[in-house]
Amino acid sequence: MEKNSLLKLGFLILILGYINGCSSVHVIDLTWPLDNETVFWNKNTQKFTFTRQIAGERNGYWYAMNDFCIGEHVGTHLDAPYHFYESGWKVGDVPPHRLVAKGALIDLQNKVSKLGHATTLDVSDLEQWEKAHGTFNNETILLIKFGWSKYWYNRTLYMGSEDEKLNFPGISEEAAEWLANSGKFYGIGVDTASVDPGSTKDFKAHVIFSKNQMYNLENVMLVDDSLPAKGFTVVALPMKIKEGTGAPVRILAIPD
Ligand SMILES: *[C@@H]1O[C@H](CO)[C@@H](O)[C@H](O)[C@H]1NC(C)=O
Ligand SMILES: *[C@@H]1O[C@H](CO)[C@@H](O)[C@H](O)[C@H]1NC(C)=O
Ligand SMILES: *[C@@H]1O[C@H](CO)[C@@H](O)[C@H](O)[C@H]1NC(C)=O
Ligand SMILES: [Zn+2]
């Protein structure tokens, strides 16, 4: 090859390498793996289990496969509006464009370190976020970080109790109204087992969001501190269980 062609080839390789570098997207996984540690709501819920496991040599080749069983509301999952509202969308009805949208993150870990399990997301927290970062964009998926993901692998700590007396942070009724009335949010995600506080009896946040065709993302894995307050896209794809009240969901965040 001539010196000139060699130079051209080197240049081409450089350009291709550059393009390739640019196209490797930074992706943050916000999904807990499904395994036999996966948190389930209570003893009436179908835990995640393999119901059949095959793994071994067969006719000279390796062959492995499983069947699995899981409740709709186990692990990192999406609540469809129908979960708490008779006329709400079921999982299969949620328009796909609502599952890929701008993200925003409210970090309440400081508040939790002062107020503990009784912490709620309040209107003042939403107003404070807007003061710091500007008004929320329309068509947003909002994530709320209570710092609860660190308890995931201990169900007692995560649910706040050994028995059915659940106790963990959640969203206040007033904040739920504020979010719903703004008309800006497709869905609300939390790093706890429920958008309502664990101690709730009336599930106000669930009811308010459902009536406004908003979905919930629950048991979101918020362990990556590089997730910014805004400036990222959320991709939240539930299994398309047509009539589902909820479904396991894969959630990714992609910083701008
Ligand atoms: C959970 O899965 C791990 C890894 O497969 C296994 O070692 C463990 O025995 C399982 N625990 C239960 C309670 O099934
Ligand atoms: C948000 O966007 C939707 C869809 O484009 C529109 O119908 C709605 O009026 C907008 N709401 C606000 C508060 O801008
Ligand atoms: C979970 O946390 C509780 C309360 O601190 C503790 O008593 C228990 O031993 C922990 N369980 C495991 C499996 O670590
Ligand atoms: Zn749920």
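Counting convention: from 1, in listed order, for ligands and their atoms alike. The shown structure was predicted, so the numbers you read here are calculated from the model rather than taken from an experiment.
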Practice task
Measure from the Zn ion (ligand 4) to each N, O or S atom of His83 and report whether any distance is below 2.8 Å.
Solution key: no
Practice task
Using only N, O or S atoms, tell me which atom of His73 is closest to the Zn ion (ligand 4).
Solution key: ND1
Problem - Heteroatom distance test (Asn154, ligand 3): nitrogen or oxygen, under 3.5 angstrom - result: yes
Exercise for the section: With the Zn ion (ligand 4) as the reference point, give the N/O/S atom of Asp79 that is nearest. Expected result: OD1
Practice task
Report the distance from atom CG of Leu142 to atom OG1 of Thr140, rounding to the nearest 0.5 Å.
Solution key: 8.0 Å
Practice task
Say whether Glu72 and Thr245, considering side chains only, have a donor N or O and an acceptor N or O under 3.5 Å apart.
Solution key: yes
Practice task
Write down, by chain and number, every protein residue that brings a non-hydrogen atom to less than 4.0 Å from an atom of ligand 2.
Solution key: Asn138, Glu139, Ser182
Extract all donor-acceptor atom pairs below 3.5 Å that involve side chains of residues 98-108 and protein atoms in other chains or at least two apart in sequence.
| residue | atom | partner | partner atom | Å |
| --- | --- | --- | --- | --- |
| Asp107 | OD1 | Gln109 | N | 3.0 |
| Asp107 | OD1 | Gln109 | NE2 | 3.1 |
| Asp107 | OD2 | Gln109 | NE2 | 3.1 |

Problem - the Zn ion (ligand 4) to nearest N/O/S of His206 below 2.8 Å - result: no
Problem - Donor + acceptor pair across side chains of Asp122, Thr120 (<3.5 Å) - result: yes
Exercise for the section: Go through the structure and list residues passing ring-ring contact (aromatic ring centres under 6.0 Å, His included) with Phe203, not counting sequence neighbours. Expected result: Phe84, His206
Problem - Residue list, side chain to side chain contact (heavy atoms under 4.5 Å, CB included) with Glu243, at least two apart or on another chain - result: Lys90
Practice task
Might you point out which heavy atoms bring Ala180 and Ile208 nearest each other, and give the distance in Å?
Solution key: CB-CG2, 3.7 Å
Practice task
Tell me, please, if Glu218 has any N/O/S atom, main chain or side chain, under 2.8 Å from the Zn ion (ligand 4)?
Solution key: yes
Problem - Donor-acceptor contact below 3.5 Å, side chain Glu218 vs main chain Val190 - result: no
Handout entry: Any side-chain donor near an acceptor of the partner, Asn219 and Tyr158, under 3.5 Å
Key = yes
Fill in the blank from the handout: For Leu157, the ligand 3 atoms with a heavy-atom partner under 4.0 Å come out as 2 (O), 4 (C), 5 (O)
